[in-house]
> 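Quick one: the structure is below, and I'll ask about it shortly.
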Protein chains: 2
Amino acid sequence: MAATRQRSIPARLDSAAKACAARGARLTELRRQVLALMLDSDGPLTAYQLLDRLREMRERAVPPTVYRALDFLMEQRLIHKVERLNAFMPCSDTGHDHPAQFLICRQCGRVAEIEDRVAAEALEHAAERQGFHARSAVVEIDGTCAACFHRA
Amino acid sequence: MAATRQRSIPARLDSAAKACAARGARLTELRRQVLALMLDSDGPLTAYQLLDRLREMRERAVPPTVYRALDFLMEQRLIHKVERLNAFMPCSDTGHDHPAQFLICRQCGRVAEIEDRVAAEALEHAAERQGFHARSAVVEIDGTCAACFHRA
DNA sequence: ACCTTGGATGTTATTTTATATCCTCTCTAG
DNA sequence: CTAGAGAGGATATAAAATAACATCCAAGGT
Ligand SMILES: [Zn+2]
Ligand SMILES: [Zn+2]
Ligand SMILES: [Zn+2]
Ligand SMILES: [Zn+2]
């Protein structure tokens with residue numbers, strides 16, 4: 001079991017369910033289980049890591065089971081995909097539409113989500129200047145986290 | 001054959017070779033062929049698209065052939081990987097070390113490389129504030145390019 | 001010229017990641 | 001009831017990337 005976080009997992013699941021309902025979508029049992037696994041993890045999980053864990057509860061799970069749930073959760077903005085890791089993690093700020101910005105530690109594998117308005121706006125403007133209509137932006141920064149840096 | 005670009009492909013290959021040599025690396029025939037294919041393409045290419053094209057010149061090519069060349073070209077900062085597309089494209093500013101920033105058009109598949117110093121610096125500072133030591137940053141913005149937007 | 005050596009490439013196989021397709025079940029709007 | 005949509009089950013396959021080991025070959029020292 002992962003360390004305790006700001007809000008309890010059941011509370012986060014419930015507010016996720018409400019957010020979905022408000023948009024006319026259903027956080028079904030399967031989707032809830034998948035989201036719960038992600039909330040319970042210390043770091044990002046790949047689809048197949050998630051599948052392994054899901055099978056403990058749901059023997060019949062296969063890749064499409066997981067990918068469909070992941071697609072749904074991404075549409076609902078409850079999770080993000082970390083492209084550089086082909087892995088997924090819960091959004092730290094559930095439901096709010098914002099560009100995904102991550103700090104990815106190469107040493108420990110941990111990923112921190114940040115929200116830098118200055119960078120986000122600079123990128124918006126840069127896109128506009130090219131006449132480009134932005135839908136979604138991803139920022140992923142590789143490096144060494146403070147903890148790993150001090151350890152070294 | 002793709003449209004003519006700012007500088008001729010042979011000229012770009014030659015300056016790439018020089019840049020490699022300056023760093024004690026060799027732009028071998030294989031690597032040169034792979035880079036040439038990318039320079040000749042109108043858009044990003046996946047490793048397997050590249051493999052198909054490469055086989056026209058080099059029958060024995062297999063996935064590791066391509067991936068090794070791609071790894072080399074990325075180390076030499078001659079190309080970038082576009083994570084959201086699992087595809088690769090030449091750097092627009094060969095050899096200079098800079099964060100990769102892309103505008104990806106969903107409609108036409110074209111990818112434009114931009115270089116926004118404001119965003120890059122904002123992200124650097126954001127990382128620093130967390131005590132994070134950044135190595136390399138990737139920015140990928142999905143949306144619709146000006147041409148496709150006007151067409152619609 | 002002759003080794004030696006490390007980088008580059010060849011070769012085979014496999015792993016990891018993601019999607020296509022078709023079917024069944026359930027719920028509900030009409 | 002009953003069509004239609006959404007959710008999930010099931011099978012198969014495609015796409016992307018890497019592992020591991022063999023061979024080649026270019027460059028530098030002798
Ligand atoms: Zn988020
Ligand atoms: Zn770390
Ligand atoms: Zn570049
Ligand atoms: Zn376009």
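For the numbers below, each heavy atom of this structure counts, side chains included, while hydrogens, waters and symmetry mates do not. This one's a predicted model, so the numbers in the text were calculated from it and none came from an experiment. Numbers restart at 1 for each chain; the letters A, B, ... are given by sequence-line order, proteins then strands.
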> Answer yes or no: is there an ion pair linking Asp14(B) with Arg7(B), defined by an N-O contact shorter than 4.0 Å?
no
> Return the value, rounded to whole Å, for the distance between atom CD of Gln33(B) and atom C1' of dT9(C).
12 Å
> Short question: side chain of Ser41(A), backbone of Met38(A) - any donor-acceptor pair under 3.5 Å?
no
> Rounded to the Å, how far apart are Leu45(A) CG and dA18(C) P?
13 Å
> Please give the remaining members of the hydrophobic cluster of Ile141(A), linking ILVMFWY side chains under 4.5 Å, ordered by chain and number.
Leu103(A), Ile114(A), Leu123(A), Phe132(A), Val139(A), Leu103(B), Ile114(B), Leu123(B), Phe132(B), Val139(B), Ile141(B)
> Leu70(A) CG to dA7(D) P: how many Å, rounded?
15 Å
> Who passes ring-ring contact (aromatic ring centres under 6.0 Å, His included) against Phe102(B), sequence neighbours left out?
His80(B)
> In whole Å, I'd like the distance from the CG atom of Leu51(A) to the P atom of dG8(D).
15 Å
> Whole angstrom is fine here: how far is it from CZ in Phe72(A) over to C1' in dA18(C)?
20 Å
> Hey, what are the protein-to-nucleotides 12-21 of chain D N/O distances that come in under 3.5 Å?
from: dA16(D); atom 1: N7; to: Tyr48(B); atom 2: OH; distance (Å): 3.2
from: dA17(D); atom 1: OP1; to: Lys81(B); atom 2: NZ; distance (Å): 2.6
from: dA17(D); atom 1: OP2; to: Tyr67(B); atom 2: OH; distance (Å): 2.9
from: dA17(D); atom 1: O5'; to: Tyr67(B); atom 2: OH; distance (Å): 3.4
from: dA17(D); atom 1: N7; to: Tyr48(B); atom 2: OH; distance (Å): 2.7

> Look at Arg58(B) and dT9(C) and indicate whether a side-chain polar atom (N or O) is within less than 4.0 Å of OP1 or OP2.
no
> Is a side-chain donor or acceptor of Glu113(B) paired with a backbone partner of Cys91(B) at a separation under 3.5 angstrom?
no
> Taking salt bridge (Lys or Arg N to Asp or Glu O under 4.0 Å) as the test, write out the residues that go with Arg151(A), two or more places apart.
none
> Provide, to the nearest angstrom, the distance between the CG atom belonging to Leu50(A) and the P atom belonging to dT16(C).
16 Å
> Please determine if Arg129(A) and Asp116(B) form a salt bridge, counting it only when a charged side-chain N lies under 4.0 Å from a carboxylate O.
yes
> Go through residues 24-32 of chain A and report each residue with a non-hydrogen atom lying under 4.0 Å from DNA chain D, sorted by number.
Arg26(A), Thr28(A), Leu30(A), Arg31(A)
> Using the test ring-ring contact (aromatic ring centres under 6.0 Å, His included), find all partners of Phe149(A) that sit at least two apart in sequence or belong to another chain.
His133(B)
